[in-house]
Amino acid sequence: MVSNLKEHIHFLGICGTAMGALASAMKRKGFTVTGSDAKVYPPMSTFLEGEGIKLTEGYAAENVPAAADVAVIGNAMSRGNVEVEEVLNQKRLYVSLPELMKEHFLRGKRNFVVAGTHGKTTTTSLLAWLFESAGREPSYMIGGIPRNLGRGGHFTDSEFTVIEGDEYDTAFFDKRSKFLHYLPEVAVINNIEFDHADIYDSLDEIKLTFRRLLLIVPQNGLALVNGDDLNCCEVAEGAPGTVKKVGLTEGCDLQITDIAYEPSGSAFTLDGERYVLPMIGEFNVRNAAMAATAARFGGLSPDEIRAGFAAWQGIARRQELRGEVDGIKVIDDFAHHPTALALAIEALRQQYPESRIRAIFEPRSNTTRRNIFQAELAKALATADEAIVARIEDTSKVPEEEQLDEARLMADIASGGTSAFLGETVQSIVDHVADTAESGDVIAVLTNGGFENIHTRLLEALELARTSRA
C-alpha cells in the first residue's frame, strides 16, 4: 500500500508541474526523494534542487536507486522507458501520481475537484485563490500558474484541497481518469465535450468517466454541473449525491443573471449576490460562478468572495498580454479545442471591440491534429478577422485517413470571408504578421505548447519593423 511507504521515493518524470510539486511536498514530509526526467531545466530544476532533491537528466536503469522503497511513475512514462522496465524487472513497488496524492494528501481532507473539457484551470485557480485570500491556506494542484499564488502546486495542513481534475488517464498501467483518485467532497463539472481522441473513442466514453466521478461524491458533499450543457445534465441524471445546476437558463438551481461586460471585466448576480470579476467573457463568468458556489459550500461569505475576485490577477497563458509594440498587442492563450478557440476570440472582441483580431493557431493536441474537428475548427477560427494556422509538424502518429486536412481547413475559413494564411514554418508566420501588422491589431497566439517561442519572436519582429520605419 502507498500509505505504508518507508523513506525513499523515486519519481520518474519528476520535472512535470504536478510531479515536482508532489516531490517537494514529500521531501518536506521527511522522505528521501530522488528523480529523473528527460528535460531538466529551470524553473522546475532549480526549484527542486533548492528543495534538496537529487535530479538526474535522462533516463537510465541505474538511475533507480537500489534503496528506493517505491517508484512514482508519471503519466508521460510508457513501456520501453528504461527506468520503467527496470522497475518492472526488479518487481519493485510502483504507483501513479494520483495514487500517491490520495494516500498522503487527500484522505480525510475536504477535496474540491474541478473537472470539465474547458475552464478547469481558471476555475480551480479562482477557487484556490478564494480560499487563500480568505485565510484558509488551502492545498492545491493546478495545471497552470495563477499569478496570485505563484505556483501550480502547494500542500499545507489545511482541511481544504483544491484540485484540477483531469479526465485524462492516470498512467500506462491505470487507464482510469485521474480525477477518480481524488476523493471529492465537491465535484465541479464545467462542461463536457469530446476530446483526447488518443484515449477516448467517443463522447459516450467521456460521459461514462464523468458519471463515475459523480458516483464517488459522498452524500454530505456536492456536485456542481453546468445546467446549460446538455451533456452535463445527462451525466448528472441518477447521481446518488446532491447535484446543483449552475447556469444562465431558468431551469438551473442557481441562475447567473444580470451579466454586464466592460473592457476591464465582468459583473453578474448569483444567488442574490452581486460579484465583479476582472476577467472578460461569458465563459469566465461561468467559471467564476462555479468557484463562488463551491466557495460558499466551503464556508466562505459573499464578502470574502467579492474581496477575492477583486484581487484576482489571472493565470499565465490565459488571455495573457505578452507585450505591445507600436499599438500592436501580442496575446497568449492556452486554447486549443474548437469551443475554447471560439470563446477566446469572443472574449478578445469584447475586450478590444475596435481592434482587428488575428488568431494564430497551432494544431498540436492529439485531437486537433485529427480530422475529428475539421468543420468545428474552421467555424471557430472564422470568427477572427484573420486565421493563421501553423502546419502540423509530425503527422506520423496519426493515420493518414484521420489527419486534419489543412488545405480544406483554410478553404473553409476563407469561404466565409475571413482571411486565412497557412504557415509552413513558425518563421513564415512571424514574417507574415510583421509584414502586415497595423497599429491596433490584437495578435492572439492560441496553443497548448511552446510554439517555438513564437510570442517573443513576434514582438522582436514587430520591434524591428517599427525601427526600420522610423
Side-chain angles (χ1 to χ4, degrees), residues 76 117-121 143-144 166-168 191 193-203 206 317-320 322 330-348 357-416 418-433 442-455 457-458:
T117 309
H118 320 293
K120 292 188 294 291
T121 299
D166 191 354
E167 70 271 26
Y168 210 77
N191 37 64
E193 291 192 65
F194 182 72
D195 201 359
H196 307 306
D198 52 325
I199 60 170
Y200 292 108
D201 289 331
S202 67
L203 177 61
I206 292 177
R317 304 212 63 194
R318 299 320 190 267
Q319 301 276 302
E320 179 183 6
R322 292 290 295 269
V330 175
I331 306 285
D332 185 15
D333 198 285
F334 197 73
H336 51 282
H337 186 283
T339 300
L341 294 174
L343 291 172
I345 293 167
E346 177 188 355
L348 290 171
I357 307 299
R358 308 178 70 187
I360 303 175
F361 172 59
E362 180 188 27
R364 180 178 177 273
S365 73
N366 285 308
T367 305
T368 54
R369 286 186 296 164
R370 289 171 163 84
N371 55 21
I372 295 166
F373 290 137
Q374 184 79 48
E376 291 84 353
L377 283 172
K379 183 178 179 180
L381 291 168
T383 61
D385 295 301
E386 181 182 22
I388 301 168
V389 179
R391 188 173 287 283
I392 299 172
E393 282 191 7
D394 182 12
T395 58
S396 61
K397 295 182 180 179
V398 180
E400 186 175 354
E401 67 276 10
E402 296 179 17
Q403 292 173 15
L404 179 71
D405 186 333
E406 296 163 319
R408 179 184 161 195
L409 176 65
M410 306 314 290
D412 288 346
I413 292 170
S415 67
T418 298
S419 177
F421 177 83
L422 180 63
E424 295 291 334
T425 64
V426 170
Q427 189 57 51
S428 70
I429 293 173
V430 171
D431 292 341
H432 169 73
V433 171
V442 172
I443 314 298
V445 178
L446 307 169
T447 176
N448 64 343
F451 209 169
E452 296 184 30
N453 200 28
I454 192 173
H455 317 84
R457 292 166 67 176
L458 283 167

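For reference, positions follow the sequence shown, starting with 1.
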Practice prompt. May I ask you to decide whether E452 forms a salt bridge with R457, counting only side-chain N to carboxylate O separations under 4.0 Å?
Written response: yes
Worksheet entry | Nearest non-hydrogen partners of L377 and P338, listed with the distance | CD2-CG, 3.8 Å
Item to complete: Pick out which of L409, L404, T367 makes a side-chain contact (heavy atoms from CB on, under 4.5 Å) with F373.
Response: T367
Practice prompt. Would you indicate whether the side-chain heavy atoms of V445 and D333 approach each other to under 4.5 Å?
Written response: no
Worksheet item: Within the side chain of D412, is there an N or O that forms a donor-acceptor pair under 3.5 Å with the backbone of A378?
Response: no
Worksheet item: Backbone N or O of A414 within a donor-acceptor pair of the T418 side chain at under 3.5 Å?
Response: no
Fill in: Taking every non-hydrogen atom, the tightest pair across A380 and L341
CB-CB, 4.1 Å
Discussion item. My understanding is that only residues two or more places apart in sequence, or in another chain, count here; which of them pass side chain to side chain donor-acceptor pair (under 3.5 Å) with H118?
Written reply: E193
Discussion item. With rounding to the nearest 0.5 angstrom, report the CZ to OG1 distance, F334 to T447.
Written reply: 8.0 Å
Worksheet item: If you round to the nearest 0.5 Å, how far is CD of E362 from OG1 of T368?
Response: 8.5 Å
Discussion item. If I compare all heavy atoms of P363 with all of V389, which pair ends up nearest, and what's the gap?
Written reply: CG-CG1, 3.9 Å
Worksheet item: How far does CG of L348 sit from CG of L343, to the nearest 0.5 angstrom?
Response: 11.0 Å
Worksheet item: Partners of Q374 by side chain to side chain donor-acceptor pair (under 3.5 Å), sequence neighbours excluded?
Response: none
Fill in: R322 CZ to I454 CD1 distance, which is reported to the nearest 0.5 Å
11.0 Å
Discussion item. Test of understanding: with side-chain contact (heavy atoms from CB on, under 4.5 Å), list the residues that count as partners of E386, not counting sequence neighbours.
Written reply: R358, I388, S419, F421, H432
Fill in: Minimum heavy-atom distance between S428 and T425, given as atom pair plus value
OG-O, 2.6 Å
Worksheet item: Can you find a heavy atom in the side chain of I360 that is under 4.5 Å from one in the side chain of I429?
Response: yes
Worksheet item: Do I331 and I443 come within less than 4.5 Å of each other through their side chains, counting heavy atoms only?
Response: no
Practice prompt. Please examine the side chains of T339 and T117, heavy atoms only from C-beta on, and report whether any two atoms are closer than 4.5 Å.
Written response: no
Worksheet item: Are the side chains of E406 and R391 in touch, meaning some heavy atoms are under 4.5 Å apart?
Response: yes
Worksheet entry | Rounded distance (nearest 0.5 Å) linking atom CD of Q427 with atom CG of D431 | 4.5 Å
